[in-house]
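The block underneath contains the structure these notes are about, expressed in structure tokens.
In the text below, chain A, chain B and the rest are named by the order of the sequence lines, each starting its count at 1.
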Amino acid sequence: MQAGAWYAPLRDDTFMSADHPQPPPPATLPERKTLDQRNAMSELERLRHSCAHVMATAILRLWPEAQFAAGPPVENGFYYDVDLGHRITPDDFPAIEAEMKREIKANHVFEKRVVSREQAVRDAQSGRLGGLGERPGNPSRYKLGNLAEIPEGEPISYYRNGDFLDLCAGPHVGRTGNLGAFKLTAVASAYYKGDEANPQLQRIYGTAFKTRTQLEEWLRMQEEARKRDHRKIGAEMRLFILDPDYTGPGMPLWLPKGTVLVEELEKLAKETEFAAGYVRVRTPHLAKEKMYVTSGHLPYYAESMFPPMQVAEEGEPGGADGASRGAVQGDRYYLKAMNCPHHHRIFAAEPRSYRDLPLRLAEYGCCYRYEQSGELFGLMRVRSLNMNDAHIYCTEDQFADEFRAVNDMYLKYFKVFGLEKYQMRFSTHGKEGLGRKYVGEPELWLKTEAMVRRVLQDSGINYVEVANEAAFYGPKIDVQVWSAIGREFTIATNQVDFAVPARFGLVYHDRDNTDKTPLCIHRAPLGTHERFIGFLIEHYAGNFPLWLAPDQVRVLPVTEAQLEYARGIVEELRAHQVRAELEYSNDKLQGRILRAEEARVHHILVVGQREQEAGAVAVRIHGHGHQGVRPRAEVVSEILAAIRERRA
RNA sequence: GCCAAUGUAGCUCAGUGGUAGAGCAACGGUUUCGUAAACCGUCGGUCGUCGGUUCAAUCCCGACCAUUGGCUCCA
């Protein structure tokens, strides 16, 4: 479903926050919703849930044999899972919607009835539940499954609208006529109860709103989101390509225009980190198995890593001098999925004194993660990624200041990119998981979490605290931002690490003449180039601010007579590292302006005879039209200033 | 990974069991032009890949590859 894809938060568990190995997910499923929780359903959710029932009614009118499973309201609408021989496609939507309208027009009451378990099982066996009537030989098998999950003692209820009777805890709106505006949006597949051992069902998605206006507004936003899709704009602007056949799935190739974005971001990061006292390092893309055994990433994280390479040295059997590299002998090498172990080895490279701390090692490191094929998504979820990574080694005393400085850096970046809405999600440990899900250092956990909490509070940062979601080795902070059209992105993760440095035996010599293990802060405020640029493309709809725009200035002489004047302006700008180009072609001025606008060139400078004589340029800004004629020197210095200050 | 949809020129998209079509882009020419499309012409496709059915397949069937949507926000 388009909508679902757009609005569903991108899963972050194996992407940015996987600096650390995570233990396998807990075997226990999430708690069943209580009836109280269900009754807390908002008005809109009731509406949507009721709409799901009406959709089921309509589907049964068309295909009476349909078997229904679950039909809850979801973030942007509702769905109902149906088992049906006929493959429902969007072509069927008009017919289903027409039946739904009839049901709404009939204005049936949503009638609730509490029944005994025996009664419910009987009705399910007769095919009555999730049906329009009895269906001999076609028992409501998923409803029977659902019934079996209802704990003893919890009331079992039906809801009925017209002929349609469903096992349902509700709540619903009063009558089908209360449903406002709705629309079926997508069909997908889902396993019954999400378990791939169960049959696969067709999941029909729809959305509903109280009024037609609200529905239309939502559809408009969807349309806007589609227009801003980073894959679409990325192709239009020639920013990157994916080349699954040659490079491989999920491994973007940055084209020249996209590389401009990459390098401008790196420049911003390097300046910012330099000012904040970071030093830069560079590390290889590969490391021996021992590296990840020591870090603890193997075996937990092995599934998400590319399979190892086996490399033997020259002279050994299967050695590099023969054609048999990859033979059984020799060392196993892994493509790195994270940079931290390498940085730890740099920390370990020489004896460290407390006077050396904090040590802030920064690197735009290129990592490789073997994401499942079905998880890949444009630039947002890839297999090769460049992280705005750094590791800060510090003493406990220094921790709060260092952590605060990291937060300040985030806030600075938010300002640069005009992000007004953000939230930090502070994940702490759960006591039950100590020694299992979380490293068994109860005091250290509490102490570190208290420090983090205090810094968050002191700096007035917008955050929420979530218990029992920390990383194995320490509390973490996920950073969520909202793009200009209100979509949420998890852009980065901060982690506090009080365990891995010890695994690498990292120590510093303290003033009391003893060796101590440093704390480590993992941080990546700009996330990865891939995801961050994907986000920025949507945020700006490809209309990047001047400093970031791949095409900053294009100078268009009106006729050949202004060619030299125009060239002079381009050369002056280029001498100042401005991405300026001259365009003089057979096209009429209007055509060249159109193409410059289409290419999202930020400044379009038109020079004709009048401008040349006056030493001026006619300024046009992408998306904002003609800005008037102004002196050339003034325009040039303005452009330089806007770039230097990274104006929005 | 699993299920589904999709895959025709660089891009957007038509189309048919019988030699593949448009617009834009590109290229060549004419035009030298004042703020969102000047004109003429040319080039461009193994119709995702492989296999099957057929006298004949881009079209029908199958497998594979890739992309996209979804894979508990539970009666």
Side-chain angles (χ1 to χ4, degrees), chain A residues 1-6 8-9 29-33 35 38 45 49 68-76 78-79 81 87-90 120 124 129-130 140 142-150 154 156-159 166-170 185-203 205 229 231-232 235-236 238 241-245 248-250 303 371-378 556-563 584-598 604-611 618-620 622-623 625-627 629:
Chain A
M1 166 184 181
Q2 278 291 24
W6 273 118
L29 286 170
E31 291 289 305
R32 212 170 165 281
K33 264 192 187 170
L35 284 180
R38 290 190 58 102
E45 285 170 325
H49 181 46
F68 289 91
V74 291
E75 193 181 340
N76 284 292
F78 61 87
Y79 65 79
D81 286 342
R87 284 273 158 214
I88 293 180
T89 70
L129 284 188
S140 314
Y142 304 107
K143 299 294 172 186
L144 277 168
N146 293 342
L147 268 170
E149 292 207 341
I150 299 176
E154 195 174 293
I156 293 172
S157 60
Y158 289 171
Y159 271 88
D166 203 1
L167 174 71
C168 181
T185 51
V187 53
S189 82
Y191 297 106
Y192 178 54
K193 297 197 180 295
D195 184 345
E196 48 185 282
N198 286 336
Q200 204 141 24
L201 308 172
Q202 302 185 61
R203 177 166 293 181
Y205 280 96
D229 188 321
R231 293 164 298 183
K232 182 174 145 70
E236 280 168 14
R238 308 265 142 80
I241 54 166
L242 289 162
D243 185 19
D245 288 342
E303 279 293 290
E371 303 291 351
Q372 289 196 64
S373 56
E375 306 256 354
L376 300 175
F377 174 65
L556 312 184
V558 174
T559 73
E560 200 168 355
Q562 293 85 44
L563 202 48
Y584 181 68
S585 65
N586 278 344
D587 276 325
K588 284 180 71 173
L589 181 62
Q590 285 183 52
R592 287 182 282 152
I593 285 172
L594 172 69
R595 264 170 286 285
E597 290 282 357
E598 279 175 346
I604 300 163
L605 304 182
V606 175
V607 290
Q609 194 186 345
R610 294 198 294 274
E611 285 76 19
V619 180
R620 184 185 175 98
H622 169 59
H626 186 46
Q627 305 288 305
V629 176

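- Counting only heavy atoms from C-beta outward, the side chains of A:Val619 and A:Leu605 approach each other to under 4.5 Å.
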Restricting to nitrogen or oxygen on both sides, can you table the protein-nucleotides 45-47 of chain B pairs closer than 3.5 Å?
none

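- Here, B:U42 and B:C24 have their P atoms 14 Å apart, quoted to the whole Å.
- A:Ala169 comes within contact range of at least one nucleobase, with a heavy-atom separation under 4.0 Å.
- Among the duplex regions that RNA chain B forms, those built from at least three successive Watson-Crick or G-U pairs under 3.5 Å are B:1-7 with B:65-71, B:10-13 with B:21-24, B:26-30 with B:38-42, B:48-52 with B:60-64, ordered by first number.
- Distance from the side chain of A:Ile593 is smallest for B:A36 among the nucleotides B:A36, B:A75, B:C74.
- Shown here are the side-chain hydrogen bond (donor to acceptor under 3.5 Å, both in side chains) partners of A:Gln372, two or more places apart in sequence or in another chain: there are none.
- Looking at residues two or more places apart in sequence or on another chain, you find a side-chain hydrogen bond (donor to acceptor under 3.5 Å, both in side chains) between A:Tyr158 and A:Asp123.
- Between the C1' atoms of B:C59 and B:C2, the separation comes to 29 Å (whole Å).
- The C1' atoms of B:G10 and B:G18 are separated by 30 Å, rounded to the nearest whole Å.
- B:U72 atom C1' lies 15 Å from atom NE2 of A:His49, rounded to whole Å.
- A:Leu376 comes within contact range of the sugar-phosphate backbone alone, with a heavy-atom separation under 4.0 Å but no base atom that close.
- Using a 4.0 Å heavy-atom criterion, one finds that A:Arg620 contacts the bases of the nucleic acid, with or without backbone contacts as well.
- Across the P atoms, B:C61 and B:G17 are found 13 Å apart, a figure rounded to whole Å.
- B:G48 and B:C73 have their C1' atoms separated by 36 Å, with the value rounded to a whole Å.
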When you check every protein heavy atom under 4.0 Å of nucleotides 4-14 of chain B, what one-letter string (B, S, -) results, 5' to 3'?
-----------
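- For the C1' atoms, the distance linking B:A37 with B:A25 amounts to 13 Å, nearest Å.
- One can place CG of A:Asp243 at 11 Å from P of B:U67, the figure rounded to the nearest angstrom.
- For A:Glu598 against B:A37, no side-chain N or O and base N or O form a donor-acceptor pair under 3.5 Å.
- Comparing B:U30 with B:A22, their P atoms sit 26 Å apart, to the nearest whole Å.
- Heavy-atom contacts from other residues, nucleotides or ligands closer than 6.0 Å to CD of A:Glu236 number more than 12.
- Take the nearest nucleotide of RNA chain B for A:Pro244 and for A:Ala190: the residue whose nucleotide is more 5' is A:Pro244.
- When the P atom is used for both B:C64 and B:C43, the distance is 41 Å, rounded to whole Å.
- Remark: P of B:C24 and CD of A:Glu236 are 18 Å apart, rounded to the nearest angstrom.
- Atom CG in A:Leu242 sits about 13 Å away from atom P in B:A66, given to the nearest Å.
- Closest to the side chain of A:Ile150, out of B:A75, B:U68, B:A66, is B:A75.
- Counting non-hydrogen atoms under 4.0 angstrom, A:Gly625 reaches nothing in the nucleic acid.
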Please tabulate, one pair per line, each protein N/O and nucleotide N/O from nucleotides 31-34 of chain B that are separated by under 3.5 Å, including the distance.
unit_1: B:U31; atom_1: O4; unit_2: A:Asn586; atom_2: OD1; d: 2.0
unit_1: B:U31; atom_1: O4; unit_2: A:Asn586; atom_2: ND2; d: 3.1
unit_1: B:U32; atom_1: O2; unit_2: A:Tyr584; atom_2: OH; d: 2.2
unit_1: B:U32; atom_1: N3; unit_2: A:Tyr584; atom_2: OH; d: 2.3
unit_1: B:C33; atom_1: N4; unit_2: A:Asn586; atom_2: O; d: 2.8
unit_1: B:G34; atom_1: O6; unit_2: A:Gln609; atom_2: N; d: 2.7
unit_1: B:G34; atom_1: O6; unit_2: A:Arg610; atom_2: N; d: 3.1
unit_1: B:G34; atom_1: N1; unit_2: A:Glu611; atom_2: OE1; d: 2.7
unit_1: B:G34; atom_1: N2; unit_2: A:Glu611; atom_2: OE1; d: 2.9
unit_1: B:G34; atom_1: N2; unit_2: A:Glu611; atom_2: OE2; d: 2.4

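- Here the P atom of nucleotide B:C50 and the CG atom of A:Asp245 are 12 Å apart, to the nearest Å.
- Put simply, A:Arg595 has a side-chain N or O that comes within less than 4.0 Å of OP1 or OP2 on B:A25.
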